[in-house]
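Below: the structure, in structure tokens.
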2 protein chains.
Amino acid sequence: MTTRWLTPEEQRAWRAYIAAAHLLEDALDRQLQQDAGMPHLYYSILANLSDEPDHRLRMTDLAERTKITRSRLTYAVTRLEKDGLIRRENCNWDKRSSFAALTDEGMAVLERTAPGHVETVRAFLFDHLTKEQVGQLEEIFTEVTRALEADETRPSADEVPWRRRSSSSPCSGDASE
Amino acid sequence: MTTRWLTPEEQRAWRAYIAAAHLLEDALDRQLQQDAGMPHLYYSILANLSDEPDHRLRMTDLAERTKITRSRLTYAVTRLEKDGLIRRENCNWDKRSSFAALTDEGMAVLERTAPGHVETVRAFLFDHLTKEQVGQLEEIFTEVTRALEADETRPSADEVPWRRRSSSSPCSGDASE
DNA sequence: GGGGCTTGGTTCAAGTTTGAAACAAACCTA
DNA sequence: TAGGTTTGTTTCAAACTTGAACCAAGCCCC
């Protein structure tokens, strides 16, 4: 089967995406490192916790939310715990599990730094997009996410079904991830 | 000045983008690590070199193309050199500069692995997009790239103007970055 | 109710990235 | 043309990521 190379249009799109993705992630990391003393991923972890009604999540679920490996998360949580922004808690009904819970200090950091983060996201992304483009962005990447999650070769920690959320909480959605 | 939080639409778009970006980069890394023994970034470096008429580029220019820091590139090139896929060459007219040049072996690796890479990009991205969406993708991220490159806080290695390319070469564009 | 599979989480070593500092060569400019 | 600045690249230590291996605790099922 001969390769279906990218068309010129696809190539342009791909290169533009790759370039922007690198630059954007760098810009976010730089800004958050400055203002919050942590890279974007770590901020996202806090933001995801703040989204929960009780500000806590099992490690596996948190990994699922943030789309990172359990191993990576372990390391990150350890660091954030050292910084006093997160606390680990045991799970009653499953002795294997442990929770990561946002501390008050963690919440405070989030509240203090969320505005700057959102401002950056705006400055580099949304301020340059029309309403339609925002819609396109969502459609495109929601679909891509679906495709990627369906990928069987992906090392996944099968989502836990026994609890569905609805939630929303201070900073949280506001914190923008 | 009060924070302009993201609208619900923007939030959805942002989350979709973040999720897809993580998953996509992971998928590409995994596939290339498998088939080429290197992460996506390293493949991109080779691909960018193969795009040049003479298969070589000054370090700074290569860093500019790939949107990474000089420091990161130094490390990557050192590794690829160890693997025999790249060779460092001196610059005649500027003793400070050094070139990274694709070796025959590097070119061979690229040619061998490009089809699988393109296939992956297709499977997870383009196969799910309409022609219009491909266009939107390019527009959106071209604009975002422009915004990010205009950012003055960015630690940039000012692009060198004294040579403009036109080029295209085997694998190259085909290699898809 | 005891083996065997699965799941949740961590650990370890090797690899990669970061940002600041160091160096050297080129480029002013007085 | 000497001295100061800029530019091209590397180096270093600390931080982070990776993937495989590991350990426990639950689950299954005969």
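Per chain, numbering begins at 1; letters A, B, ... match sequence-line order. Heavy-atom basis, side chains included; hydrogens, waters and symmetry copies ignored.
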What residues from residues 20-39 of chain B pass a heavy-atom cutoff of under 4.0 Å to DNA chain D? none
Going by the rule side-chain hydrogen bond (donor to acceptor under 3.5 Å, both in side chains), which residues pair with B/Thr120 if we only count those two or more places apart in sequence or in a different chain? B/Gln31
How would you list, by chain and number, every residue that makes a side-chain hydrogen bond (donor to acceptor under 3.5 Å, both in side chains) with B/Arg72, sequence neighbours excluded? none
Which residue pairs satisfy the salt bridge (Lys or Arg N to Asp or Glu O under 4.0 Å) criterion with at least one member in residues 132-142 of chain B, sequence neighbours excluded? A/Arg12-B/Glu138
Please tell me if A/Arg88 has a side-chain N or O lying less than 4.0 Å from either OP1 or OP2 of C/dG9. no
Restricting to side chain to side chain contact (heavy atoms under 4.5 Å, CB included), what partner residues turn up for A/Asp104, sequence neighbours left out? none
Under 4.0 Å, counting only non-hydrogen atoms across every strand here, what does A/Ile68 touch: a base, just sugar-phosphate, or nothing? nothing
Please determine whether a side-chain nitrogen or oxygen atom of B/Tyr75 lies at a distance below 4.0 Å from atom OP1 or OP2 of C/dT16. yes
With sugar-phosphate meaning primed atoms plus P, OP1 and OP2, does A/Ser97 contact a base, only sugar-phosphate, or nothing at under 4.0 Å between heavy atoms? sugar-phosphate
side-chain hydrogen bond (donor to acceptor under 3.5 Å, both in side chains) filter on B/Thr78, not counting sequence neighbours, yields B/Arg88
Sequence neighbours excluded, the answer for side-chain hydrogen bond (donor to acceptor under 3.5 Å, both in side chains) partners of A/Gln34 is none
Over all strands shown, is A/Thr74 touching base, sugar-phosphate only, or nothing at heavy-atom distances under 4.0 angstrom? base
Not counting sequence neighbours, which residues clear side chain to side chain contact (heavy atoms under 4.5 Å, CB included) with B/Thr145? List them please. A/Ala19, A/Ala20, A/Leu23, B/Glu149
Under 4.0 Å protein heavy-atom contacts per nucleotide of nucleotides 20-26 of chain D, with B for base, S for backbone only and - for none: -----BS
Qualifying residues under side chain to side chain contact (heavy atoms under 4.5 Å, CB included), relative to A/Glu10, sequence neighbours excluded: A/Leu6, A/Thr7, B/Arg122, B/Phe126, B/Val134
Who are the side chain to side chain contact (heavy atoms under 4.5 Å, CB included) partners of B/Glu143, not counting sequence neighbours? A/His128, B/Arg146
Rounded (10°) bend between the five-pair end axes of the helix from C/dG1-D/dC30 to C/dA30-D/dT1: 20°
